[in-house]
Amino acid sequence: MNSRGGVIQRTEDGGVVLFRDGTERAFIADICANSDDVTPRLIYADWLEEQGDSFAKARADFIRVQCKIASSPEASKWHRIQCDTYERQS
């Protein structure tokens, strides 16, 4: 538990994630299970905005921008470039 009342969890790559509660964990699980679909991300952004604090609202705005970029025609081109670059570096 941290000072914001959330639960801190380590990721497989050594990062840290702060979850507000089980609801947020469920949103993240749905996003991961449907990574090609922006709908779960947009629903999560709506939920974050409803939480009322400025940090959550900023995250919601950021997620919406990411979704807009991901659904643009250029996104698939950039995704291919990133994947190709990653594969060459591995």
Side-chain angles (χ1 to χ4, degrees):
M1 193 71 97
N2 76 344
S3 62
R4 291 182 182 221
V7 176
I8 297 173
Q9 180 176 330
R10 289 222 172 261
T11 61
E12 291 177 10
D13 63 357
V16 175
V17 178
L18 171 66
F19 292 107
R20 293 170 182 268
D21 57 25
T23 302
E24 189 165 20
R25 284 178 192 242
F27 280 123
I28 300 300
D30 191 29
I31 289 167
C32 291
N34 300 288
S35 60
D36 292 338
D37 185 2
V38 297
T39 304
R41 295 170 196 265
L42 294 173
I43 293 169
Y44 177 52
D46 290 344
W47 179 83
L48 282 170
E49 189 167 21
E50 291 169 2
Q51 301 312 298
D53 65 84
S54 60
F55 180 73
K57 286 182 180 182
R59 286 178 64 200
D61 290 341
F62 181 73
I63 290 167
R64 288 186 184 107
V65 169
Q66 286 180 316
C67 290
K68 189 167 186 125
I69 290 169
S71 61
S72 75
E74 290 293 309
S76 62
K77 172 186 165 189
W78 284 109
H79 180 71
R80 278 195 311 274
I81 291 170
Q82 289 174 332
C83 290
D84 292 345
T85 302
Y86 177 77
E87 287 174 6
R88 281 195 304 267
Q89 292 175 352
S90 297

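Note that this is a predicted model, so its numbers are computed, not measured.
- When each of T39, D46, V38 is tested with L42 by the rule side chain to side chain contact (heavy atoms under 4.5 Å, CB included), just one qualifies, namely V38.
- Looking at heavy atoms from C-beta onward, Y44 lies in side-chain contact with R59 at the 4.5 angstrom threshold.
- Side-chain contact check for W47 versus E24: some heavy-atom pair is nearer than 4.5 Å.
- In this structure a side-chain-to-backbone donor-acceptor pair under 3.5 Å is missing from D30 to A26.
- In this structure, CD in E49 is found 10.5 Å from CD in Q51, a value given to the nearest 0.5 Å.
- The main-chain N or O of A56 is found under 3.5 Å from a side-chain atom of D53 such that the two form a donor-acceptor pair.
- The pair K57-E50 does not meet the salt-bridge criterion, since no charged nitrogen lies less than 4.0 angstrom from a carboxylate oxygen.
- Shortest non-hydrogen contact noted between A60 and A45 is CB-O, 3.2 Å.
- I69 is not connected to F62 by any chain of hydrophobic side-chain contacts under 4.5 Å among Ile, Leu, Val, Met, Phe, Trp and Tyr, and they are in different clusters.
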